[in-house]
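In what follows, a single structure is set out as structure tokens and then discussed.
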Amino acid sequence: LRRQRQMCIRDRRRLKKSVRIAAMIFTIFAILIAVEIIISYKCLTVTDYKIKSDKIKETTKIVLISDLHNSQFGSKNKRLVDKIQKQDPDLILMDGDMLNEDGKNAQTAVELISALKKTAPVYYALGNHEIAYRQRRDKNLYQKLQKAGAKVVEKEYEDIKVRSNKIRIGGLYEYAFAVDGAGNMVKKNIPSKVRDFLMDYENTDAFKIMLSHRPDSFVFGQAADTWKIDLVVSGHVHGGQVRIPCKGGLYGGDQGWFPEYADGIHHFKAVDHMVITRGLGSDKEKLPRFHNIPEIVVIRLEKR
């Protein structure tokens with residue numbers, strides 16, 4: 001009996017020790033997850049891409065941001081503004097979802113535009129949240145964004161000269177394709193406003209930049225193999241929201257699980273380059289941003 005009691009005591013001690021170790025491991029794991037989530041909402045990183053083209057005569061620097069979702073990096077986004085200003089851009093592109101459709105106002109986006117317009121011209125493309133916000137809350141949203149200092153582009157473009165380069169900047173939220181029964185894109189089946197805009201837009205010898213909030217607008221239906229565009233810039237996917245080491249983004253809207261076009265630079269037959277940013281924030285998603293540092297993208301256009 002004494003031996004059995006001693007064995008029971010040893011077993012209890014081992015069990016308590018195992019429980020303590022498991023609790024410590026769980027606590028450490030929970031802390032690491034919490035830290036990673038905080039980093040994915042509060043820190044900032046800069047990603048650089050270089051694009052060479054025969055249409056570029058003088059190096060031009062572009063800052064691309066997207067999907068702010070009313071996030072704040074310091075008071076009135078001072079940390080974000082300072083970080084962008086340090087890049088010394090020639091152009092600043094805001095690629096949609098800078099606000100939330102259920103937000104009380106558009107003040108965060110307006111303040112950011114007002115601060116950044118002093119650094120470089122600001123071009124603003126519509127995301128799904130801007131469209132929904134305008135429909136539900138404020139029909140004057142686009143005017144307010146433009147009054148703050150941004151040029152809003154949606155099915156329209158502007159020809160500008162940056163340094164010694166001719167650049168055409170356009171914006172399109174809708175899908176740039178219409179697919180027939182065989183899975184091929186047919187231009188004549190595309191909604192006339194979209195088709196006419198794109199045919200007019202691509203007819204230039206200037207370097208063409210298209211702000212398209214959703215990469216899906218071009219990557220499906222052979223659109224990126226049809227429309228002649230030098231650079232498409234997109235966001236929307238939040239880098240897959242949850243980033244899995246060595247695997248990439250977890251989920252991406254129309255693209256589903258483990259989306260191929262969640263971030264980075266991609267190349268197609270007609271669209272020479274597509275740069276997708278992971279964005280700066282997140283709305284009320286099922287999962288928080290994880291292992292996914294908010295991103296400022298710098299694109300350097302250089303002479304080939």
Side-chain angles (χ1 to χ4, degrees), residues 41 44 46 60-162 167-174 197 209-214 233-236 238 275 277-283 294-299:
Y41 280 92
L44 287 167
V46 177
T60 298
K61 192 184 293 186
I62 299 170
V63 160
L64 166 66
I65 56 174
S66 183
D67 300 278
L68 181 65
H69 288 288
N70 281 338
S71 298
Q72 292 284 345
F73 295 89
S75 176
K76 295 186 178 181
N77 270 311
K78 188 177 187 305
R79 284 198 296 120
L80 176 60
V81 170
D82 289 347
K83 197 91 167 177
I84 291 173
Q85 288 176 337
K86 285 180 182 178
Q87 309 312 312
D88 192 25
D90 299 298
L91 289 171
I92 297 171
L93 308 180
M94 294 186 179
D95 210 6
D97 281 6
M98 302 300 289
L99 47 78
N100 289 328
E101 63 177 275
D102 59 355
K104 293 181 179 179
N105 54 55
Q107 193 62 27
T108 298
V110 166
E111 288 178 348
L112 185 59
I113 292 169
S114 298
L116 290 176
K117 70 179 181 182
K118 304 168 188 175
T119 301
V122 178
Y123 288 82
Y124 195 115
L126 304 181
N128 44 294
H129 281 262
E130 280 85 4
I131 293 171
Y133 181 92
R134 181 175 180 270
Q135 291 171 345
R136 299 175 185 178
R137 292 183 175 271
D138 187 355
K139 292 183 179 180
N140 296 316
L141 172 64
Y142 304 166
Q143 291 88 336
K144 288 180 179 179
L145 297 174
Q146 295 202 133
K147 187 177 180 181
K151 171 65 176 177
V152 178
V153 285
E154 170 55 25
K155 288 196 287 291
E156 62 177 280
Y157 62 80
E158 183 169 278
D159 289 321
I160 61 175
K161 193 165 186 179
V162 182
I167 295 178
R168 174 170 287 184
I169 298 181
L172 178 68
Y173 176 78
E174 297 177 50
F197 162 66
I209 301 174
M210 177 66 76
L211 280 71
S212 179
H213 176 69
R214 300 175 298 179
V233 293
S234 299
H236 185 61
H238 300 178
V275 173
T277 174
R278 299 193 305 273
L280 294 163
S282 177
D283 191 25
E295 180 181 52
I296 297 167
V297 167
V298 175
I299 303 169

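- Between S66 and H213, some side-chain heavy-atom pair lies under the 4.5 Å cut-off.
- Under the side chain to side chain donor-acceptor pair (under 3.5 Å) criterion, Q135 pairs with no residue at all, not counting sequence neighbours.
- Expressed to the nearest 0.5 Å, how far NZ of K86 lies from CD1 of I84 amounts to 12.0 Å.
- Between T108 and Q72 the shortest side-chain heavy-atom distance falls below 4.5 Å.
- Between D283 and H238 the shortest heavy-atom distance is N-CE1, 4.3 Å.
- I92 places none of its side-chain heavy atoms less than 4.5 Å from the side chain of K117.
- Of all heavy-atom pairs between K83 and V46, the closest is CE-CG2, 3.8 Å.
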Candidate pair I299 and V233, rule side chain to side chain contact (heavy atoms under 4.5 Å, CB included), full reasoning: CA-CA 10 Å; I299 303 169; V233 293; 3.9 Å; yes
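- Here D102 pairs with K284 under the side chain to side chain donor-acceptor pair (under 3.5 Å) rule; sequence neighbours left out.
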Can you give the donor-acceptor pairs under 3.5 Å from side chains of residues 143-152 to other protein atoms, not counting sequence neighbours?
from	atom 1	to	atom 2	distance (Å)
K144	NZ	D138	OD2	2.6
Q146	OE1	V152	N	3.2
K151	NZ	E156	OE1	3.3

Side chain to side chain contact (heavy atoms under 4.5 Å, CB included) evaluation trace for K118 with Q85: CA-CA 9 Å; K118 304 168 188 175; Q85 288 176 337; 5.6 Å; no
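- When all heavy atoms of Y173 and G127 are compared, the pair lying nearest together is CE1-C, 3.8 Å.
- Between I167 atom CD1 and K161 atom NZ the span is 11.0 Å, to the nearest 0.5 Å.
- The line from CG of L112 to CG of L99 is 11.0 Å long, rounded to the nearest 0.5 Å.
- In this structure, R168 forms a cation-pi arrangement with Y157, its terminal cationic atom sitting closer than 6.0 Å to the ring centre and no more than 45° off the ring axis.
- Residues L80 and L68 are in side-chain contact: their nearest non-hydrogen atoms beyond the backbone lie under 4.5 Å apart.
- Within the 4.5 Å cutoff, the side chain of N128 has heavy atoms near those of the H236 side chain.
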Worked verdict on T277 versus D95 for side chain to side chain contact (heavy atoms under 4.5 Å, CB included): CA-CA 9 Å; T277 174; D95 210 6; 5.7 Å; no
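- In this structure, M94 and L211 approach most closely via the heavy-atom pair O-CD2, 3.9 Å.
- Rounding to the nearest 0.5 angstrom, the gap separating the CZ atom in F197 from the CG atom in L172 is 6.0 Å.
- For Y41, the ring-ring contact (aromatic ring centres under 6.0 Å, His included) test picks out no residue, with sequence neighbours left out.
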L126/R134 under side chain to side chain contact (heavy atoms under 4.5 Å, CB included): CA gap, chis, key distance, verdict: CA-CA 10 Å; L126 304 181; R134 181 175 180 270; over 6 Å; no
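- In this structure, the side chains of E295 and L280 stay at 4.5 Å or more apart for every pair of heavy atoms.
- Note that CG of L93 is 11.0 Å distant from OG of S234, once rounded to the nearest 0.5 Å.
- The backbone N or O of E111 lies less than 3.5 Å from no partner atom in the side chain of K76, so there is not a single donor-acceptor pair.
- Nearest heavy atoms, S71 versus S282: OG-N, 4.5 Å.
- With sequence neighbours excluded, the residues that form a side chain to side chain donor-acceptor pair (under 3.5 Å) with R214 are Y175.
- Residues in residues 105-150 take part in these ring pair (Phe, Tyr, Trp, His ring centres under 6.0 Å) pairs, two or more places apart or across chains: H69-H129.
- Side-chain atoms of I169 and L91, non-hydrogen and from C-beta on, do get closer than 4.5 Å to each other.
- Using a 4.5 Å cut-off on side-chain heavy atoms (C-beta onward), V298 and P89 make no contact.
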